[in-house]
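Reviewing the structure listed below.
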Amino acid sequence: MNNKFTLLDCDDDVVLFEKDTFKINRLKDLAKNYIRNILQQLSYDNQGKYLGKSILDNFKNIAIGKHKITSNEFRYSYTTTCQLLKIGSQGWQQGTLKIQVFISPLGEQLDEVLLEFAPDQVHEMESCLDDLRKQIQI
């Protein structure tokens, strides 16, 4: 297995998870919106009492004793197996997809999603010169 991840930056490439397919740009939007929606859910204490703010609001100011820590970014990372179809390629390539979602609870930065792919097998392309070398050696 190859552990070298490369950034997926072509929005028209396609990712296949079992039976579901997504273009890269659509998968980024879905991942960002899903994580943001989870973080915007209401928070409750141990007894089920509503705390008056969302989970994301709780991350805005975290206190350790009297010291307040302002969180300017929430990061979610997930790795899964999938297949990738790159524009101009010969077919589907199996491998591992790493999804990283960065959410700014303070809204100071734009939310971002990075997708990286590591193929299970690296297909090295033979050059035209390799064919010529083979013919010369005969």
Side-chain angles (χ1 to χ4, degrees):
M1 180 176 146
N2 174 26
N3 288 328
K4 184 168 180 168
F5 284 89
T6 56
L7 184 64
L8 297 179
D9 54 3
C10 179
D11 287 341
D12 289 329
D13 289 345
V14 178
V15 175
L16 170 66
F17 302 107
E18 295 180 22
K19 296 180 182 179
D20 297 317
T21 56
F22 302 95
K23 281 187 170 184
I24 295 296
N25 60 346
R26 179 70 176 143
L27 182 57
K28 286 179 179 180
D29 286 342
L30 289 171
K32 178 178 59 176
N33 291 336
Y34 181 77
I35 298 299
R36 183 160 274 290
N37 286 339
I38 287 174
L39 293 173
Q40 289 176 335
Q41 291 179 5
L42 304 177
S43 59
Y44 297 86
D45 67 9
N46 294 359
Q47 287 77 35
K49 181 181 173 188
Y50 172 59
L51 296 175
K53 51 186 162 180
S54 70
I55 296 169
L56 191 58
D57 288 334
N58 287 321
F59 282 106
K60 288 182 181 176
N61 290 302
I62 300 170
I64 300 175
K66 292 184 180 183
H67 182 72
K68 289 193 176 186
I69 300 171
T70 302
S71 177
N72 61 358
E73 181 178 83
F74 180 81
R75 180 184 298 188
Y76 174 80
S77 183
Y78 179 73
T79 305
T80 187
T81 59
C82 71
Q83 293 185 49
L84 175 68
L85 180 62
K86 292 180 82 63
I87 297 296
S89 70
Q90 296 294 323
W92 292 97
Q93 193 172 24
Q94 288 195 290
T96 303
L97 181 70
K98 185 189 302 181
I99 303 170
Q100 296 182 75
V101 182
F102 304 92
I103 302 290
S104 174
L106 302 175
E108 294 174 351
Q109 302 166 350
L110 292 177
D111 297 337
E112 183 178 12
V113 178
L114 297 178
L115 301 177
E116 295 177 299
F117 182 75
D120 288 345
Q121 297 178 350
V122 178
H123 300 287
E124 294 186 23
M125 300 186 70
E126 290 186 11
S127 73
C128 300
L129 294 176
D130 290 339
D131 290 336
L132 185 58
R133 287 185 194 107
K134 287 177 187 174
Q135 291 176 3
I136 292 174
Q137 290 177 354
I138 297 178

Search all heavy atoms of [X] against all heavy atoms of [Y] and return the closest pair with its distance.
X: A31; Y: V113; answer: CB-CG1, 4.5 Å
X: S77; Y: Q100; answer: OG-CG, 3.8 Å
X: I35; Y: Y76; answer: CD1-CD2, 3.7 Å
X: R36; Y: S104; answer: NH2-O, 3.3 Å
X: F117; Y: Q93; answer: CZ-O, 3.5 Å
X: K32; Y: V101; answer: CA-CG1, 4.1 Å

Listed partners of E116 passing salt bridge (charged side-chain N to carboxylate O under 4.0 Å, His left out), at least two apart: K98
By salt bridge (charged side-chain N to carboxylate O under 4.0 Å, His left out) - contacts of D9 (at least two apart): none
Same apolar cluster: Y78 and I38, side chain cutoff 4.5 Å: yes
Common cluster, Y34/F74, ILVMFWY with side-chain heavy-atom separation under 4.5 Å: yes
Donor-acceptor pairs under 3.5 Å, side chain of residues 79-90 to any protein atom, not counting sequence neighbours: which ones?
unit_1: K86; atom_1: NZ; unit_2: D13; atom_2: OD2; d: 3.4
unit_1: S89; atom_1: OG; unit_2: K86; atom_2: O; d: 2.8
unit_1: S89; atom_1: OG; unit_2: G91; atom_2: O; d: 3.4

Spacing of CG belonging to L7 relative to CG belonging to L115, to within rounding of 0.5 Å: 8.0 Å
Spacing of D111 atom CG and D29 atom CG [to the nearest 0.5 Å]: 11.0 Å
Crowding at CZ, F17 (>12 non-hydrogen neighbours, <6.0 Å): yes
Evaluation steps, side chain to side chain contact (heavy atoms under 4.5 Å, CB included), between F5 and L114: CA-CA 11 Å; F5 284 89; L114 297 178; over 6 Å; no
Step-by-step side chain to side chain contact (heavy atoms under 4.5 Å, CB included) determination, V14 to W92: CA-CA 9 Å; V14 178; W92 292 97; 3.7 Å; yes
